[in-house]
Amino acid sequence: MDKIWLRQYPTGVPAEIDVEQYGSLVALLEESFRKYAGRTAYWFMGKSISFTDVDAASQALAAYLQSLGLAKGDRVAIMMPNIPQYPVAVAGVLRAGLVVVNVNPLYTPRELEHQLKDSGARAIVMIENFAHVLEQVRNTVPTRTVILTALGDMLGFPKRLIVNYVVRRVKKMVPAYDLPGAVRFSEALKGGRAKVFTAPTVGPDDIAVLQYTGGTTGVAKGAVLLHRNLVANVLQCEAWYQPALKKIPAGEQIVTVCALPLYHIFGFTANMMLGMRMGGSNVLIPNPRDLPAVLDTLSKVSFHSLPAVNTLFNALANHPDFGKVDWSHLELSVGGGMAVQRATAKLWLDKTGCPICEGYGLSETSPSATCNPVDATAYSGTIGLPLPNTDIKLLDDAGSEVPPGSPGEIAIKGPQVMAGYWQRPDETAKVMTADGYFRTGDIGTVDERGYFRIVDRKKDMILVSGFNVYPNEVEDVITQMPGVLECAAVGIPDAKAGEAVKVFVVKKDPVLTADDVKAYCEQHLTGYKRPKVVQFRDELPKSPVGKVLRRELRDEA
């Protein structure tokens, strides 16, 4: 297929960009440290952390890690929520020539053990709140160096002492742990400042990050993201966002809300790395599930950009404190991680005047592969157009391109596509085609303008009497029903049809009944797509980034 989507590109967005402007993420970071030295890089709990602060602290950490004998290419795990120590640790690890292993801080001991063993991480920088989890697996993992930080460690005196006291003693958020030999983050920085830092040569083909995919297809695998992959995706996103960024008054620093976890590839690239490249400031949200705290934080700052998942947009827009925030400066709302639903998009646009611009990507693509134009004014229901330097094909099971209008597996080629799965050539071979396309496992269609639409994951598809039912479609219909807050659809075994549709619904209106939902579906969905079973729940299980976990609901059903 020729790149028909290029005709839909907004004015000023090029079809191709120079993705080799930097030899590595380190070169990008160090340029930003010089260029934006005096600016605020992060805003956290009322404290500004400057580019200079991040530069100095990360260089000290890099020197400390080198002094431990860690050699270029060694892996270092980072396990924290969105606190300033996270970007400092990332920059320090990369500047030392080491590899970042992003770890979800909510992991169970089993999950942490797998990731530390699989990556071979020799060191970990983590928040003390989860030290007890590491303690349970310490003797079975190769991770010998442990650097512990506390929530308030970068807030300065006396706020640091107060915050850490409250977290430990008042809220009792740090379970007891025993990790002999663990070093405090502040001590590591102090030790590093006293040492000479020797900058290693880091090139585009060196590994920057091992990004573990959620494990929804079995055991979690590490996507190998090279420096060139991440640099390319930062520059692709920056080029794509230009029509919205141009609306920010000249000379005004772009401020982005960082509610996406930085250990997730969406937050890692769209918040941390893109913020560094643009000299922007990120407002760090350590716990996006605490909506009153999120809205309280946002009421104290002026911001231009909010990348988030559908569930967060929906929860914010429905919260009674929504009106306490000034949304008038918001120029860019980017939705990813899961499908943006029509009802959420409409409510968000009504309330903020800024449309949610849906994009699509995966850990394996650093992550962004497609996005809707950021100058769009209406919900399209699509994942948009391939980004600059990106090609997409739709393939059948045999690997051949499907005819126009037919659904096929989305396959992506571009400079942001991973080098493969860490130490799993067999798994890499399953997803990479001979001509360099990554097979995503997502089923999509493309229209005559080049807009792609996801119809669903291969594994989430429900087969009712031989007809394909895509959960996204069922969910999209039900969430437009008055009285419904959230919904998820899964397939359950059925004696007659093979499978039937079951929906899990979170109510907004307490009087809503299962019969109401079924009657609404009779109006809007053809027979085989209608839910046979409706179950109400107080909440839906979600991943840390806010993606609804249909797999858990399927297992439960």
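Predicted, not measured: the structure shown is a model, and the values here were computed from it. FYI, side chains are in, hydrogens and waters are out, and symmetry mates aren't considered; it's all heavy atoms of this structure. The first residue in the sequence is number 1, and the count goes up from there.
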Would you sort out whether Arg277 and Tyr22 count as a side-chain hydrogen bond (donor to acceptor under 3.5 Å, both in side chains), showing the intermediate values?
CA-CA 11 Å; Arg277 157 71 184 175; Tyr22 300 98; 2.5 Å; yes
Worked check of salt bridge (charged side-chain N to carboxylate O under 4.0 Å, His left out) between Asp460 and Arg554:
CA-CA 9 Å; Asp460 281 345; Arg554 257 203 313 275; 2.9 Å; yes
Run the side chain to side chain contact (heavy atoms under 4.5 Å, CB included) test on Leu148 and Val146 for me, step by step, so that the C-alpha distance in whole Å, both residues' side-chain angles and the decisive distance to 0.1 Å come before the verdict.
CA-CA 6 Å; Leu148 291 177; Val146 180; 4.0 Å; yes
Evaluate Val76 against Ile124 for side chain to side chain contact (heavy atoms under 4.5 Å, CB included), listing each step before the verdict.
CA-CA 6 Å; Val76 178; Ile124 185 168; over 6 Å; no
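Salt-bridge formation is not detected for the pair Arg75/Asp118: no Lys NZ or Arg NE/NH1/NH2 atom is positioned less than 4.0 Å from an Asp or Glu carboxylate oxygen. A salt bridge is defined here as a Lys NZ or Arg NE, NH1 or NH2 lying under 4.0 Å from an Asp or Glu carboxylate O, and Arg138 with Glu135 fails to meet this definition. A salt bridge links Glu128 and Arg168; the closest N-O separation between the charged side-chain nitrogens and carboxylate oxygens is under 4.0 Å. Salt-bridge annotation for Glu556 and Arg551: absent, with no side-chain N of the basic residue lying under 4.0 Å from a carboxylate O of the acidic one. Under a 4.0 Å N-O distance rule, the pair Glu409/Lys393 does not qualify as a salt bridge.
When all heavy atoms of Val548 and Ala488 are compared, the pair lying nearest together is CG1-CB, 3.8 Å. The shortest heavy-atom contact between Phe185 and Gln85 is CE2-CG, 3.7 Å. What you find for Pro142 and Lys117 is that their closest heavy atoms are CD-CA, 4.0 Å. Residue Gln416 comes nearest to Ser366 through the heavy atom pair O-OG, 2.7 Å, listed as atom of the first residue, atom of the second, then distance. Closest of all the heavy-atom pairs between Ile412 and Val417 is O-CG2, 3.7 Å. Closest of all the heavy-atom pairs between Glu552 and Pro541 is OE1-CB, 3.3 Å.
Using modelled atom types, no side-chain atom of Thr344 and backbone atom of Asn314 make a donor-acceptor pair closer than 3.5 Å. Using a distance-only test at 3.5 Å, with no hydrogens or angles considered, no donor-acceptor pair links the side chain of His227 to the main chain of Asp205. Looking at Asp153, its side chain never comes within 3.5 Å of a backbone N or O of Ser186 through a donor-acceptor pair. Judged by distance alone, with hydrogens and angles left aside, the side-chain atoms of Asp55 form no donor-acceptor pair with the main-chain N or O of Phe33 at under 3.5 Å. Using modelled atom types, no side-chain atom of Arg110 and backbone atom of Tyr107 make a donor-acceptor pair closer than 3.5 Å. The backbone N or O of Phe266 sits nowhere less than 3.5 Å from a side-chain atom of Thr269 that would complete a donor-acceptor pair. Using modelled atom types, no side-chain atom of Gln115 and backbone atom of Glu111 make a donor-acceptor pair closer than 3.5 Å. Thr143 places no side-chain N or O within donor-acceptor distance of the main-chain N or O of Arg122, the cut-off being under 3.5 Å. When atom types are taken as modelled, the side chain of Asn129 and the backbone of Met173 share a donor-acceptor pair closer than 3.5 angstrom. With hydrogens and angles disregarded, no donor-acceptor distance shorter than 3.5 Å links the side chain of Lys195 to the backbone of Gly192.
Checking each of Gln423, Arg424, Lys430 against Glu427 for a side chain to side chain donor-acceptor pair (under 3.5 Å) leaves exactly one that passes, namely Lys430.
Here the straight-line distance linking atom CD of Glu364 with atom OG1 of Thr440 works out to 9.0 Å at 0.5 Å rounding. The distance from atom CG of Asn82 to atom CG of Asn271, rounded to the nearest 0.5 Å, is 7.5 Å. Annotation: the span from Ile462 atom CD1 to Ile492 atom CD1 amounts to 9.0 Å, rounded to 0.5 Å. Residue Lys47 holds its NZ atom at 7.5 Å from CG of Leu155, rounded to the nearest 0.5 Å. Interatomic distance, CE of Met154 versus CD1 of Ile49, reported as 4.5 Å (0.5 Å rounding). Separation of atoms CG (Asp442) and CD1 (Ile454) is listed at 4.5 Å; rounding is to 0.5 Å.
Side-chain contact check for Tyr360 versus Ile410: some heavy-atom pair is nearer than 4.5 Å. When side chains are defined from C-beta on, Asn102 counts as touching Tyr86, because their heavy atoms get closer than 4.5 Å. Two residues are said to be in side-chain contact when any heavy atoms from C-beta on lie closer than 4.5 Å; Asp53 and Ser50 meet this criterion. At least one side-chain heavy atom of Leu284 sits less than 4.5 Å from a side-chain heavy atom of Leu262. Using a 4.5 Å heavy-atom threshold, the side chains of Lys542 and Thr311 count as touching. With contacts defined as side-chain heavy-atom distances shorter than 4.5 Å, the pair Pro367/Asn233 qualifies. Looking only at side-chain heavy atoms (C-beta outward), Trp43 and Val255 stay at 4.5 Å or farther from each other. Under the 4.5 Å side-chain criterion, counting only non-hydrogen atoms from C-beta, Ile392 is in contact with Thr370.
Heavy atoms from other residues, nucleotides or ligands lying under 6.0 Å from NZ of Lys72 number more than 12. In the displayed structure, Lys413 atom NZ is contacted under 6.0 Å by more than 12 heavy atoms of other residues, nucleotides or ligands. A 6.0 Å sphere centred on CG of Asp426 holds more than 12 heavy atoms belonging to other residues, nucleotides or ligands.
Because its NZ or CZ atom is not both nearer than 6.0 Å to the ring centre of Tyr212 and within 45° of the ring axis, Lys221 does not count as a cation-pi partner of that residue.
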